[in-house]
Amino acid sequence: MRADTKREIERKYEADPDTRLPDLTGVRGVTAVLDRGVIELDAVYYDTEDLRLAAASVTLRRRTGGEDAGWHLKLPVAPGVRDEVRAPLEDGVPSSLAGLVRARTRGAPLVPLVRLRSRRDVRHLVDADGALLAEASTDTVRAERLTGGDGGTAEWTEIEVELADDGDPAFLEAVDKRLRKKGLKPSRAASKLARALRDTGAPPAAPPPAKDTTAGDRVLAHLREQADKLATYDAAVRRDLPDSVHRMRVATRRLRSAFRTYRKVLDPAATGPVADELKWLARELGVDRDQEVLTERLTARVDALPVTLLLGPVRGRLRAWAGAGRAAARERTLAALDSDRYTALLDSLAALLADPPLRPAARKDAGTVLARAVRKDHDRLAARVDRALALPAGHDRDVALHEARKAAKRARYAAEAAVPVLGGPARRFVGRVKAVQKVLGDHQDSVVARDTLRDLAVQAHLSGETAFTWGLLYGQEEALGAERERELPEVWARASRPGKPLR
């Protein structure tokens with residue numbers, strides 16, 4: 001889905017009640033600071049009773065006052081950077097915004113959590129042409145707990161500097177230097193809501209991260225990171241952001257791979273059903289992702305051909321195929337994300353991470369256990385590569401190479417999870433296996449492209465068009481696949497070369 005979205009880049013600073021915005025006309029590029037008056041803002045923030053949005057640094061509010069009154073959903077992008085998705089004012093939470101946090105709420109109701117009433121004294125920092133560089137405001141805030149507490153209140157003053165649309169983030173660095181010189185300190189809270197929760201006595205939204213001292217610590221930290229990415233990319237997929245389907249699919253694969261690789265740490269009897277559902281989700285996402293990859297590949301192949309070799313309505317047929325496939329794939333993806341089965345998967349994953357089924361190896365040294373698991377995945381990859389290379393060229397080898405590719409991904413994911421513990425050796429292992437995965441991936445993409453090109457050639461022929469160009473592209477893909485097969489032994493030899501042991 002598309003919605004009214006604004007990229008918000010800002011800095012917040014602690015201030016005393018009598019603090020005033022320092023003079024910023026000396027900051028590079030600022031010619032004038034214009035007084036834009038005082039605005040009264042009234043915002044009610046919504047969350048689940050157990051603060052699932054706050055735990056993910058996501059905020060959802062209904063605000064009146066100012067020029068942008070309405071519903072605002074803020075999704076974190078990076079420190080100090082958020083995407084604000086807006087919807088018009090209405091009584092209940094708009095379905096468009098509720099859908100974007102569905103992976104976080106998992107069906108739990110969104111209830112009024114905190115009310116913030118702010119008196120905002122606004123200044124505009126402008127350049128010599130009068131163009132807006134940033135908006136600086138002094139906010140006097142009163143917070144009132146509505147749910148999940150004893151109705152506590154808190155008051156504070158803060159200074160906020162928000163970069164203008166399409167502004168240079170380096171400008172905020174210059175403003176930051178000036179404000180620090182004037183004695184202002186960056187806010188300890190990432191948002192007004194975070195401070196309101198803290199100052200009104202709310203319990204922490206998320207537990208502090210555990211140290212990677214045992215195998216269980218490290219594996220669980222990795223799984224929680226991937227589960228958070230799964231929910232983050234859910235919102236990105238619904239917004240149809242570039243590469244979002246791919247990233248969400250990778251998160252599902254990393255979770256499933258970790259369950260299989262580290263089965264000495266987590267009981268497979270408990271993780272198996274969750275892994276099966278993750279496989280289902282990856283398959284549903286794969287339709288959209290595979291369509292995207294194949295469209296880019298075939299479009300690039302057509303664009304690279306001389307016009308004299310484009311016989312018939314090649315571009316038109318490719319566009320029609322891509323458009324129909326994309327629409328069907330996206331419909332299937334959104335249906336999966338809106339399904340009860342997906343919500344049940346998220347609930348099962350959250351329950352497993354809240355009460356992990358740890359095995360005895362979980363209490364052992366992280367480095368020893370993880371290194372052993374990575375080596376085992378490497379041995380599995382080696383067996384699959386050797387088997388594929390022993391087969392003659394053809395369908396059976398193509399299938400075997402695809403299986404080797406999946407083993408390469410698993411070995412890579414296992415090593416990536418171990419990098420915080422094993423350091424450089426694991427990082428170098430990841431790089432070597434990634435090179436193998438790239439060759440195998442390009443080979444598999446060639447196999448899939450050939451199947452599609454044959455279908456397009458048949459469709460062209462049945463429509464009375466020449467299939468010459470489709471046959472030419474098929475030949476190119478066939479030659480590329482053979483080239484990747486010739487490259488593999490050398491790439492695999494480099495990846496298998498002895499280096500510093502993992503442990």
Side-chain angles (χ1 to χ4, degrees), residues 242-250 252-254 257 282-283 285-305 318 321-322 325-326 329 377-378 380-416 428-457 469-497:
D243 206 35
S244 56
V245 174
H246 170 60
R247 292 175 181 272
M248 186 175 183
R249 191 184 186 194
V250 168
T252 67
R253 284 176 165 172
R254 284 196 166 112
S257 178
R283 185 169 60 247
L285 295 171
V287 175
D288 198 349
R289 173 58 181 169
D290 293 346
Q291 177 73 25
E292 179 184 31
V293 170
L294 191 53
T295 297
E296 292 176 356
R297 188 180 187 95
L298 297 185
T299 300
R301 290 277 184 263
V302 169
D303 289 344
L305 286 178
L318 181 58
W321 168 85
R326 166 62 171 156
D377 273 357
H378 176 269
R380 181 170 173 269
L381 169 60
R384 291 198 180 186
V385 171
D386 290 345
R387 178 180 180 277
L389 292 177
L391 293 171
H395 173 74
D396 289 346
R397 176 183 263 199
D398 289 343
V399 172
L401 288 171
H402 183 43
E403 291 301 310
R405 178 196 185 192
K406 290 190 284 187
K409 285 184 179 179
R410 178 168 162 178
R412 173 189 165 192
Y413 295 157
E416 286 174 341
R428 287 188 289 275
F429 178 88
V430 169
R432 295 196 301 270
V433 174
K434 192 174 182 179
V436 175
Q437 180 187 330
K438 185 176 186 302
V439 172
L440 293 170
D442 203 18
H443 178 273
Q444 176 62 16
D445 289 347
S446 171
V447 171
V448 174
R450 276 176 264 163
D451 289 342
T452 301
L453 287 167
R454 185 183 183 281
D455 290 343
L456 289 169
T469 302
W470 304 113
L472 177 61
L473 294 173
Y474 185 100
Q476 288 183 346
E477 288 290 354
E478 191 172 45
L480 186 143
E483 182 180 349
R484 293 296 173 265
E485 290 183 37
R486 289 191 296 270
E487 289 178 4
L488 180 58
E490 182 179 349
V491 174
W492 174 241
R494 289 198 298 268
S496 302
R497 189 174 301 151

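Using a 3.5 Å distance cut-off with no hydrogens or angles, the side chains of Arg412 and Gln437 do pair a donor with an acceptor.
The structure places NE2 of His402 at 10.0 Å from CZ of Arg384, a figure rounded to the nearest 0.5 Å. Summarising the geometry, atom OG1 belonging to Thr469 is positioned 14.5 Å from atom CZ belonging to Arg301; distances are rounded to the nearest 0.5 Å. Atom CG of Leu440 is separated from atom CD of Gln444 by 9.5 Å, given to the nearest 0.5 angstrom. Here CZ of Arg283 is found 11.0 Å from OG1 of Thr252. Values are rounded to the nearest 0.5 Å. Atoms CG and CG, from Leu285 and Asp290 in turn, are 10.5 Å apart once rounded to the nearest 0.5 Å. Rounding to the nearest 0.5 Å gives a distance of 8.5 Å between CZ of Arg380 and CD of Glu403.
For Ala495 against Val436, the heavy-atom pair with the smallest separation is CB-CG2, 3.5 Å. For Phe429 against Ala411, the heavy-atom pair with the smallest separation is CE2-O, 3.7 Å. Nearest heavy atoms, Asp377 versus Ala414: OD2-CB, 3.5 Å. Contact between Leu294 and Ala449 at its shortest, heavy atoms only, is CD1-CA, 3.6 Å. Closest non-hydrogen pair, Arg397 versus Leu389, comes out as NH2-O, 3.0 Å. Smallest separation of non-hydrogen atoms from Gln291 and Ala329: CB-CB, 4.5 Å.
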query: Does the pair Leu456 and Tyr474 meet the rule for a side-chain contact (heavy atoms from CB on, under 4.5 Å), with working shown?
result: CA-CA 10 Å; Leu456 289 169; Tyr474 185 100; over 6 Å; no
- request: Apply salt bridge (charged side-chain N to carboxylate O under 4.0 Å, His left out) to Asp442 and Arg297, showing your working.
  value: CA-CA 10 Å; Asp442 203 18; Arg297 188 180 187 95; 3.0 Å; yes
message: Assess the residue pair Asp288 and Arg326 against the criterion (side-chain contact (heavy atoms from CB on, under 4.5 Å)); give the C-alpha distance rounded to whole Å, side-chain angles, the decisive distance to 0.1 Å, and a yes or no.
response: CA-CA 7 Å; Asp288 198 349; Arg326 166 62 171 156; 2.7 Å; yes
field: Trp321/Leu298 under side-chain contact (heavy atoms from CB on, under 4.5 Å): CA gap, chis, key distance, verdict
entry: CA-CA 11 Å; Trp321 168 85; Leu298 297 185; 4.3 Å; yes
- request: Please assess Val250 against His246 for the test side-chain contact (heavy atoms from CB on, under 4.5 Å), listing each intermediate value before the final yes or no.
  value: CA-CA 6 Å; Val250 168; His246 170 60; 3.6 Å; yes
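With contacts defined as side-chain heavy-atom distances shorter than 4.5 Å, the pair Glu477/Val448 does not qualify. Taking the side chain as every heavy atom from C-beta outward, His443 and Val439 never approach each other to under 4.5 Å. Between Val293 and Asp445 the shortest side-chain heavy-atom distance falls below 4.5 Å. Looking only at side-chain heavy atoms (C-beta outward), Asp398 and Glu485 come within less than 4.5 Å of each other. Side-chain contact check for Arg253 versus Arg249: some heavy-atom pair is nearer than 4.5 Å. With a 4.5 Å cut-off on side-chain heavy atoms, Thr295 and Leu318 do not count as touching. Contact check for Trp492 versus Leu381: side-chain heavy atoms found under the 4.5 Å cut-off. Using a 4.5 Å heavy-atom cutoff, the side chains of Leu305 and Leu473 are in contact.
Salt bridge Asp243/Arg289: present, at least one basic N to carboxylate O contact under 4.0 Å.
Counting heavy-atom neighbours within 6.0 Å of Arg387 CZ, excluding the residue itself, gives a total of 12 or less. Within a 6.0 Å radius of CZ in Arg247, no more than 12 heavy atoms belonging to other residues, nucleotides or ligands are found.
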